[in-house]
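Accompanying notes for the structure given below.
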2 protein chains.
Amino acid sequence: MKKIAILGFGIVGGGIAEVLEQNADQIEHQLGEKIEIGYILDRLDFKGTKYESKIVKDIQTILDDPEVALVAETMGGLHPAYEFSLSALQAGKSVVTSNKAVVAKYGATLLQTAKENGVRYLFEASVGGGIPIIRPLCDSLAGNKISSITGILNGTTNFILNEMESKGASFETALAAAQKNGYAEKDPTDDIEGYDAKRKICILAALAFGKMYPEEAVACEGITNLDLRDVEILSDIGAKIKLIGHAKKTDNRLIMYVRPCVCLADNPLASISGVYNGIMVEDNVLGQVMFYGKGAGRLPTASAVVSDILNILISPSKVDLISFQTGNKEELCKDKSGKHTFYIRMEQEPVGYSYRALNGAYLVDDISRNEIEEKWKPTAYYQVL
Amino acid sequence: MKKIAILGFGIVGGGIAEVLEQNADQIEHQLGEKIEIGYILDRLDFKGTKYESKIVKDIQTILDDPEVALVAETMGGLHPAYEFSLSALQAGKSVVTSNKAVVAKYGATLLQTAKENGVRYLFEASVGGGIPIIRPLCDSLAGNKISSITGILNGTTNFILNEMESKGASFETALAAAQKNGYAEKDPTDDIEGYDAKRKICILAALAFGKMYPEEAVACEGITNLDLRDVEILSDIGAKIKLIGHAKKTDNRLIMYVRPCVCLADNPLASISGVYNGIMVEDNVLGQVMFYGKGAGRLPTASAVVSDILNILISPSKVDLISFQTGNKEELCKDKSGKHTFYIRMEQEPVGYSYRALNGAYLVDDISRNEIEEKWKPTAYYQVL
């Protein structure tokens, strides 16, 4: 019997309990023994439920129990999630989390603390919900030189874009539908402004390139200004606008942004619809690899946490190939002068450039953001991936 | 310095040497030391190349060197690849391989031998080329109950189907194009008859469901009888015919087959074109997850072998959650009576069924193979996924 503790018994924390129960036989088969939830730290008392007897109010109770080998932090927010994780690691307990805010801000410190204490800090659930992405990136692609990561990292905005495209809905109507379906929160800012995707691309870039950059330094544009007209014009050629998180290694710098971009019909990211996520990784030997699945949701996210729990309990002292330092924001590049193909909605013809005319817009090759802004100040323009 | 040996210095074996060289700094960064190819077992002498001094002719030389911690078997064929792998494991050396024939036939024995000798046997490269699929399946989904695996597992046939669809080429013309491009061998039987895909679905099913079935017991239909007419009729509705390997757990049995199936436009497998592979895994908590990438090729396949090498050298005694027994073929089900939606090309209307009429064919709901055969003996019919 292995004893664990859960910090925060909300959506994900409760989901962990559910997955552990639902898959108990499979987990026992793999681990050779049962996993028991020893403690649940929460403000609520869960009176009358089977969890009532496990509820504790003081983290110290958990830290003081030598039988607890592992702590799952699913509290959300930075504080005290960070402090609790840190003290658990210092007390010689491995920590797993779904808390991307903590990973993005304190991941480097927590990984270092884990290492110093001979325990592990894993966060598969922090990116891509249940999609296995962090472990494959760190284990399977460990020996490869990753050149770029490009992903649909936020299911809420992908659902909204999908509604606009498939139903001709305006952004406002699509957002309301997402809220009605439980895919968007009452305050959807984090999703629709791209902040959630930004944290995730920061985490992926840290794993791939070794440095975690402060999220506020990353170029970020959400989907709130998206006009249905552009969605429709692109739809005529089977292309789609997606909110993309992107990180690409150049010589000394890292291009990193979250922005709406155009995926042409033959781009595998174009076919990722609804609340699904897709993460495309490119390296020097594999070429492109993509990971696809449900990017959010109670059970998928909990399942990713449980996979970390199981991996740690089976190999408590495995050396994880996960480490990164804090990066200097001067190394980040907003890619204003990089030449790409752009979708540009404007009336005048882009004379002097190679282009393809669409119904009211153009796909213009080999042009930079700076050039577009200087020359035309168009109604809307988006990079084509 | 870690010393390894390569058995068989052909396409994949040579690719391993190339990846180890190309990514030497990244690998050394991860491992903390260099990897050295100590021996290469091959019939050829590679005279005048930098590998000449490493060539040996007798496996015993490798087995006798206590410095060799790991052997990469990339010989192809069953014998002596199996015997060499077995004796390496017995000599206390971990073995990695890209050889799907050996894994499909002797995997259970080799895994058991590895366990008994405290070493590891890994075969990430045996399915999906460079796509991380085996490790995610075993590590990331370890605690989940997988219900089905559905994949485009063979790049050659996917390229051929793509040529037929996008260029209106006949099967013969498309095959010739695949051969010209180096995607199909001179004798393409293994690919076009589905045998290669069959081995791969056997391996994936063994990992997901715990039993390896003899490949000859699996229902298998290749793409040689595919008529361009069906490809065209389906193309009108954005649907595609793909060669699918499928394994699905039912109560006591396992449905397993390799067959051409129809992927409708909204199925993520429909958008997988050219020599790419896509593997969709479904389980009880994650829902659908898909892994996508280049399913074959020198460097992608070699890269998967190198990822196994690196993982073993970093954690030589990690307990792998990989094990399966030999399955009884009576447990396999060809799914002749299961009800699905089928694409059926025939003249008469499928009266009494819910259906959608296409241009010269029908999509008929809730019908089984047996029923179709008994009622209509149609020109062609394919299950819709």
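Scope of the values below: all heavy atoms of this structure, side chains included, with no hydrogens, waters or symmetry mates. Convention: sequence-line order gives letters A, B, ...; per-chain numbering from 1.
- Both the backbone and the side chain of B:Leu286 have a heavy atom closer than 4.5 Å to some heavy atom of chain A.
- With sequence neighbours excluded, the residues forming a side chain to side chain contact (heavy atoms under 4.5 Å, CB included) with A:Ala239 are A:Leu234, A:Ile237, A:Val262, A:Leu264, listed by chain and number.
- Within the 4.5 angstrom heavy-atom criterion, only side-chain atoms of A:Ile314, from C-beta onward, approach chain B.
- Note: A:Gly143 leads A:Ala302, A:Gly143, A:Gly293 in heavy-atom pairs under 4.5 Å with chain B.
- Contact count against chain B (heavy-atom pairs under 4.5 Å) is highest for A:Ala142 among A:Gly278, A:Ala142, A:Gly130.
- Ranked by heavy-atom pairs under 4.5 Å with chain A, the list B:Ile309, B:Leu321, B:Leu310 is led by B:Leu321.
- There is no contact between B:Val306 and chain A, counting heavy-atom distances below 4.5 Å.
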Distance-only donor-acceptor pairs under 3.5 Å across chain A and chain B:
from: A:Gln22; atom 1: O; to: B:Lys145; atom 2: NZ; distance (Å): 3.1
from: A:Asn23; atom 1: OD1; to: B:Asn284; atom 2: ND2; distance (Å): 2.6
from: A:Asn23; atom 1: ND2; to: B:Gly143; atom 2: O; distance (Å): 3.0
from: A:Asp25; atom 1: OD1; to: B:Lys145; atom 2: NZ; distance (Å): 3.1
from: A:Gln26; atom 1: NE2; to: B:Ala142; atom 2: O; distance (Å): 2.9
from: A:Gln30; atom 1: NE2; to: B:Ala142; atom 2: O; distance (Å): 3.3
from: A:Arg135; atom 1: NH1; to: B:Ser140; atom 2: OG; distance (Å): 3.3
from: A:Asp139; atom 1: O; to: B:Asn311; atom 2: ND2; distance (Å): 3.1
from: A:Ser140; atom 1: OG; to: B:Arg135; atom 2: NH1; distance (Å): 3.2
from: A:Ala142; atom 1: O; to: B:Gln26; atom 2: NE2; distance (Å): 2.9
from: A:Ala142; atom 1: O; to: B:Gln30; atom 2: NE2; distance (Å): 3.2
from: A:Gly143; atom 1: O; to: B:Asn23; atom 2: ND2; distance (Å): 3.0
from: A:Asn144; atom 1: ND2; to: B:Ser303; atom 2: OG; distance (Å): 3.1
from: A:Lys145; atom 1: NZ; to: B:Gln22; atom 2: O; distance (Å): 3.1
from: A:Lys145; atom 1: NZ; to: B:Asp25; atom 2: OD1; distance (Å): 3.1
from: A:Ser271; atom 1: OG; to: B:Ser271; atom 2: OG; distance (Å): 3.2
from: A:Asn284; atom 1: ND2; to: B:Asn23; atom 2: OD1; distance (Å): 2.6
from: A:Met290; atom 1: N; to: B:Tyr292; atom 2: O; distance (Å): 2.7
from: A:Met290; atom 1: O; to: B:Tyr292; atom 2: N; distance (Å): 2.8
from: A:Tyr292; atom 1: N; to: B:Met290; atom 2: O; distance (Å): 2.8
from: A:Tyr292; atom 1: O; to: B:Met290; atom 2: N; distance (Å): 2.7
from: A:Ser303; atom 1: OG; to: B:Asn144; atom 2: ND2; distance (Å): 3.2
from: A:Asn311; atom 1: ND2; to: B:Asp139; atom 2: O; distance (Å): 3.0

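- With chain B as the partner, the residue from A:Ile27, A:Leu299, A:Ile272, A:Val285 showing the most heavy-atom pairs under 4.5 Å is A:Val285.
- For the side chain to side chain contact (heavy atoms under 4.5 Å, CB included) test, residues two or more places apart in sequence or in another chain that qualify with A:Ala205 are A:Phe209, A:Ala247, A:Leu254, A:Met256.
- When the side chain to side chain contact (heavy atoms under 4.5 Å, CB included) test is applied to A:Ala108, the partners found at least two apart in sequence or on another chain are A:Phe324, A:Thr326.
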